Amino acid sequence: MDKVYAPHELERRIYERWESHGWFAPRGEGAPYCIVIPPPNVTGTLHMGHAFQHTLMDALTRYHRMRGDDTLWQPGTDHAGIATQMVVERQLNAEGRKRTDLTREAFLERVWKWKEQSGGTIASQMRRLGDSVDWSRDRFTMDPQLSRAVVEAFVRLHEEGLIYRGKRLVNWDPVLLTALSDLEVQSTEEEGHLWHLSYPFENGSGHVIVATTRPETMLGDSAVAVNPDDERYRHLIGKSLRLPLTGRLIPIIADTYVDPAFGSGCVKITPAHDFNDYEIGLRHGLAQINIFTPRAALNENVPERFRGLDRFEARKRIVAELTDAGLVARVDKHKLTVPRGDRSGAVLEPYLTDQWYVKIAPLAEPAIAAVEQGRTRFVPENWTKTYFEWMRNIKDWCVSRQLWWGHRIPAWYDEQGKPYVGRDESEVRSRHGLAGNVTLRQDEDVLDTWFSSALWPFSTQGWPGKTPDLAKFYPTSVLVTGFDIIFFWVARMMMMGLKFMGEVPFRDVYITGLILDENGDKMSKSKGNVIDPLDIVDGIELEPLIAKRTSGMMQPQLASKVEKATRKQFPEGIAPHGTDALRFTFAALASPSRELRFDLSRVAGYRNFCNKLWNAARFVAMSAGDPGPGASVERSAAASQPAELSVADRWIRSRFGRMVGTVETAFRDYRFDYAATALYEFTWYEFCDWYLELTKPVLQASGPESASEAAKRGTRLTLVGILEALQRALHPLMPFITEEIWQRAAPLAGRAGPTVMLERYPSPADFPTDEQAEREVAWLQAFILAVRQIRGEMNIAPSKRIPVLLKGASVRDEDYANRHRSYLERLAGIDTLTVLDPGTQAPQSATALIGELTVLVPMAGLIDAAAEAERLGKLLVKAQQELAKTRVKLSNENFVRNAPAAVVTTEREREADFERQVTSITAQLERVRGMLNA
RNA sequence: AGUCGCGUAGCUCAGUGGUAGAGCACCUCCUUGACAUGGAGGUGGUCGGUGGUUCGAUCCCACUCGCGACUACCA
């Protein structure tokens, strides 16, 4: 094995081997375990959030595969209607063309071409991340079979009256020229004005003041509303006003919607351009006067001089004319929330159009019940509330989009514009008895992308067919996703899954945190703080990184700022870390917190961890006499010869079993951070720091000190056995390095198999707890740490061997000390070990306490008395503080009376221990001070 | 306005009704044959504030200050 861990080469090689052998496919036996991937945009690239979630999904997948489950991680991509269409339109724009210069067919051809060209990016990124998805089942939301599912779902919902077509106000994007659902609206708080306008009475006897943030909409006013209980205006109800600039007469109406305390207490009502006004208009039978074109310019329903003006231009003109007419009573600065399209960023308009809607309440009801009944569980649990909040206030879902890229709505219109819904045109004709001479025209619109996403857990498994996959893998086991798409996706999958499959789509929903940059900012192109996960894996020089971050920006003027920040943050570029280090970082980061700051220094730490593991494997291979990779398993025959396990061997097996138990619990609870921590601590602090060191006296000693062959054999077996099992334990989080090491360790450990990914996950039952070994090694560790502390604080060179004396040793202490002398010599740098008889005068020494045993390091020639006095002083202060605390507690009668007996006992023991320490340290300190004064 | 969350070491974060933890950073020492991407030792915190419940609160409750996310709405 190479001295330094070099991930790059081995990761590609290993992944190709896994994939070419088809090992990612479900094995066909065991309990089904299934995760469907949240399908990324087919033309997109994976960002840090994807890499994070994929790590967790892959860890679950590999873990369950190794547990023997029939495991499927279902891959796929999403056509992402608006996003993809926008990208291709931008490409056309760059060529000086518009979408509408092309036919629909030609444009779609172009989008498909772009999809083929860029669609492989995601897959290759996923391969680099080690994602063990079953590529043979790769799906795309616009595959023929998935498109069939979309049509089927639409038709069935329509048949049940759960999809309807209606003319009502929608969120209209005047730039993209399409309707949007409520969820695609981003409310932004912006500075604006509140104009107070005078509307004169018809008879010229005065006026009322209305306040508005959108004066241009006055041209579409149908009424002015006041609160029926508002004394100021009650007598005006029913009177007519003459709408300025138009001369139209509009009534004053009464509606409790009006808040008398806000503004003037009079509200202009524009039913065609405001959601609240729309409702009021319906209640009062008001005219809906649409004054905008689809691009939000004024249309023919306004006085001629305003026609064709853009809405913002119109606002200026109208305010100017009203001001000239003396009808602007006041203008206040006002903060308002402006609705913008989440893709285009354009200010949206409530706009009257014909659209298709999903009647959502009947679908939401069972979806709420399913979570209430615990048939689907949110992890962390508190997201349940968010889900309920939204589901209980949900409004009908506008699913039609005026785009070209997507699933075309399966509705046909006759010449009178009457719609017929069906699976295809011939079904429509036969069902409705439409003769061949009746001209039918299919709806031009497509469905919201999320409509097909909502079917994903079952459309990917063959629905509407009744396939074996569907029977096996639905419901899926867990959905792993971010909280940002609970409404967009999770809730809709719940509704559609229950509707069409009669069962929830997933048992658990694990909501991950959001990956932020190291300052706690969202990663975005415009902020220039995006990191490509593969740049962490492979590393990237500074200049290419800057180029990557500043190219193709929506706002190129920010480029210099981004460049500066990048230079500051990564003056040396980004070093290569390898996939395993990145994955381990993500796992370690995955606490239940909803925001997770990504810190590159953490990845460096886990890269070091990989290197540590690598070198531990090298040590084991050397110690076990590695015959090289690919060696036969013959050596395992040696295992039948007598072997004797040392206390250290028994200890590490026991500790490994405990660790695996912790990891099992962690995986069950989706606490990847706990799993990572347990694995990290075991590997580094127990296996490397202690166990490997404890094997050295056994394996490396020669001459009369040499251990027996049986003991050596026992240690070698344990070394390779734990190393091998550790690779299995680490594999779900770090698939590559563990495969590489396992290939060498498995034959040494007498295991045969083509790959670690198909081996069984270690079980705590195979590594039972050995309390006795744990106690004994704990004693050893305490002893060694005590001597090391003295050595460290006194700056005794590690190469300097020192004598150690023991005072107050019990029979057990003496036994341990004698039996483990070789460990103590090696790990604590001890030269001679002498047990003092009671009453013997000890030389001046630095001391440490282990229970009642005192460890003495003679000071002569080694230790500076002043330094020792200082060290003891610090220890004394600590012991005194702790003693004081326990005494306060124990002197409290209520504590002794009310606290559980075990707690009181522990406290008494602590008191005794600290008393002993204080006495001993005080005496020792006096002696050392005596030396100083002498 | 509603819902949810956060505030713990210099930084990023775990955590528990009974002895406050990790990584990174920092200080001292060490190139000993797995590993300097390393080893040994160490410094560092009135757990945002106030009050309550409790024998005991960083943890539970109330209030409060600061920060954030989401949802709805402000004519």
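Proteins get letters first, then strands, A, B, ... in listed order; numbering begins at 1 in each. Everything quoted here is computed from the prediction, not taken from an experiment.
- Of all nucleotides listed (U3(B), G39(B), G15(B)), U3(B) comes nearest to the side chain of Glu389(A).
- Aromatic rings of Trp684(A) and Tyr680(A) (six-membered ring for Trp) have centroids within the 6.0 Å cut-off, being under it.
- With salt bridges taken as basic N to acidic carboxylate O contacts below 4.0 Å, one links Arg330(A) and Asp332(A).
- In this structure, Val258(A) and Thr906(A) both approach RNA chain B, and ranking their closest nucleotides by distance from the 5' end singles out Thr906(A).
- Not counting sequence neighbours, the partners of Pro7(A) by the side chain to side chain contact (heavy atoms under 4.5 Å, CB included) test are Tyr5(A), Glu11(A).
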message: For Watson-Crick and G-U wobble pairs within 3.5 Å on both distances, what is RNA chain B written in dot-bracket notation, | included for inter-strand pairing?
response: (((((((..((((....[..)))).(((((.......))))).....(((((..]....))))))))))))....

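- Residues that satisfy the salt bridge (Lys or Arg N to Asp or Glu O under 4.0 Å) test with Lys885(A), not counting sequence neighbours, are Glu882(A).
- Rounded to a whole angstrom, the distance from the P atom of G17(B) to that of A57(B) is 14 Å.
- In summary, the side chains of Lys268(A) and Thr270(A) do present a donor paired with an acceptor at a separation below 3.5 Å, with no hydrogens or angles considered.
- Residues satisfying the salt bridge (Lys or Arg N to Asp or Glu O under 4.0 Å) criterion with Arg908(A), sequence neighbours excluded, are absent altogether.
- For Gln700(A), a side-chain nitrogen or oxygen approaches OP1 or OP2 of A34(B) to under 4.0 Å.
- Ala211(A) comes within 4.0 angstrom of sugar-phosphate atoms only, judged by non-hydrogen atoms across all strands, and of no base.
- With sequence neighbours left out, the side chain to side chain contact (heavy atoms under 4.5 Å, CB included) criterion links Lys696(A) to Phe619(A), Glu693(A), Gln700(A), Arg826(A).
- Distance Trp614(A) CH2 to A36(B) P: 15 Å, rounded to the nearest Å.
- The side chain of Tyr685(A) approaches G23(B) more closely than any other nucleotide in the set G23(B), C4(B), G38(B).
- Among the nucleotides A34(B), A14(B), C29(B), the one closest to the side chain of Lys612(A) is A34(B).
- By the salt bridge (Lys or Arg N to Asp or Glu O under 4.0 Å) test, Glu915(A) is found to be paired with Arg887(A), residues two or more places apart in sequence or in another chain being considered.
- Between A14(B) and Ser591(A), a contact under 4.0 Å exists linking OP1 or OP2 to a side-chain N or O.
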Nucleotides 72-74 of chain B: which of its N/O atoms have a protein N/O under 3.5 Å away?
unit_1: C73(B); atom_1: O3'; unit_2: Asn276(A); atom_2: ND2; d: 3.4
unit_1: C74(B); atom_1: OP1; unit_2: Asn276(A); atom_2: ND2; d: 2.6
unit_1: C74(B); atom_1: N4; unit_2: Thr337(A); atom_2: OG1; d: 3.1

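- G68(B) and C29(B) are spaced 45 Å apart, taking the P atom of each and rounding to whole Å.
- The phosphate of U71(B) has neither OP1 nor OP2 within less than 4.0 Å of any side-chain N or O from Trp383(A).
- Atom name C1', nucleotides A20(B) and A62(B): the rounded distance is 25 Å, in whole Å.
- Closest contact between the side chain of Pro592(A) and the listed nucleotides C55(B), G15(B), A34(B) involves G15(B).
- In terms of phosphate contacts, Asn795(A) brings no side-chain nitrogen or oxygen within less than 4.0 Å of OP1 or OP2 of C29(B).
- Side-chain atoms of Lys385(A) stay outside donor-acceptor range of the base of C4(B), with no qualifying N/O pair under 3.5 Å.
- To the nearest angstrom, P of C11(B) lies 18 Å from CD of Gln569(A).
- Asp255(A) meets the side chain to side chain contact (heavy atoms under 4.5 Å, CB included) test with Tyr257(A), Ile280(A), Arg283(A), His284(A); sequence neighbours excluded.
- Although no hydrogens or angles enter the test, the distance criterion places no donor-acceptor pair under 3.5 Å between the side chain of Arg788(A) and the main chain of Gly829(A).
- Within the nucleic acid shown, Asp689(A) comes within 4.0 Å of sugar-phosphate atoms alone, with no base atom in reach, counting heavy atoms only.
- No donor-acceptor distance shorter than 3.5 angstrom exists from the side chain of Asp521(A) to the backbone of Asp517(A), with no hydrogens or angles considered.
- Comparing atom distances between the Phe487(A) side chain and each of G33(B), U32(B), U71(B) picks out U71(B) as nearest.
- Looking at residues two or more places apart in sequence or on another chain, you find no ring pair (Phe, Tyr, Trp, His ring centres under 6.0 Å) involving Phe570(A).
- One finds no side-chain N or O of Ser593(A) lying less than 4.0 angstrom from the OP1 or OP2 phosphate oxygen of C13(B).
- Judged by distance alone, with hydrogens and angles left aside, the side-chain atoms of Asp274(A) form a donor-acceptor pair with the main-chain N or O of Asn276(A) at under 3.5 Å.
- For Phe483(A) and Trp383(A), the ring centers are positioned less than 6.0 Å apart.
- Considering only the side chain of Arg594(A), G5(B) comes nearest among G39(B), G5(B), A40(B).
- Listed candidates were G18(B), G41(B), U3(B). Nearest to the side chain of Glu793(A) is G41(B).
- If you check residues 875-890 of chain A against RNA chain B, the residues with a heavy atom closer than 4.0 Å are Lys878(A), Lys885(A), listed by number.
- Contacts of residues 595-607 of chain A with RNA chain B (heavy atom under 4.0 Å): Glu595(A), Arg597(A), Ser601(A), Arg607(A).
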- request: Show the numbers, then the answer: is there a ring-ring contact (aromatic ring centres under 6.0 Å, His included) between Phe586(A) and Phe598(A)?
  value: CA-CA 9 Å; Phe586(A) 281 135; Phe598(A) 188 85; 5.7 Å; yes

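- Shown here are the salt bridge (Lys or Arg N to Asp or Glu O under 4.0 Å) partners of Asp913(A), two or more places apart in sequence or in another chain: Arg916(A).
- Taking only distance into account, the side chain of Glu693(A) meets the base of A34(B) through a donor-acceptor pair shorter than 3.5 Å.
- No engagement by Arg214(A) is indicated, since no non-hydrogen atom pair under 4.0 Å with the nucleic acid exists.
- Side-chain nitrogen and oxygen atoms of Gln789(A) include at least one within less than 4.0 Å of the OP1 or OP2 phosphate oxygen of G42(B).
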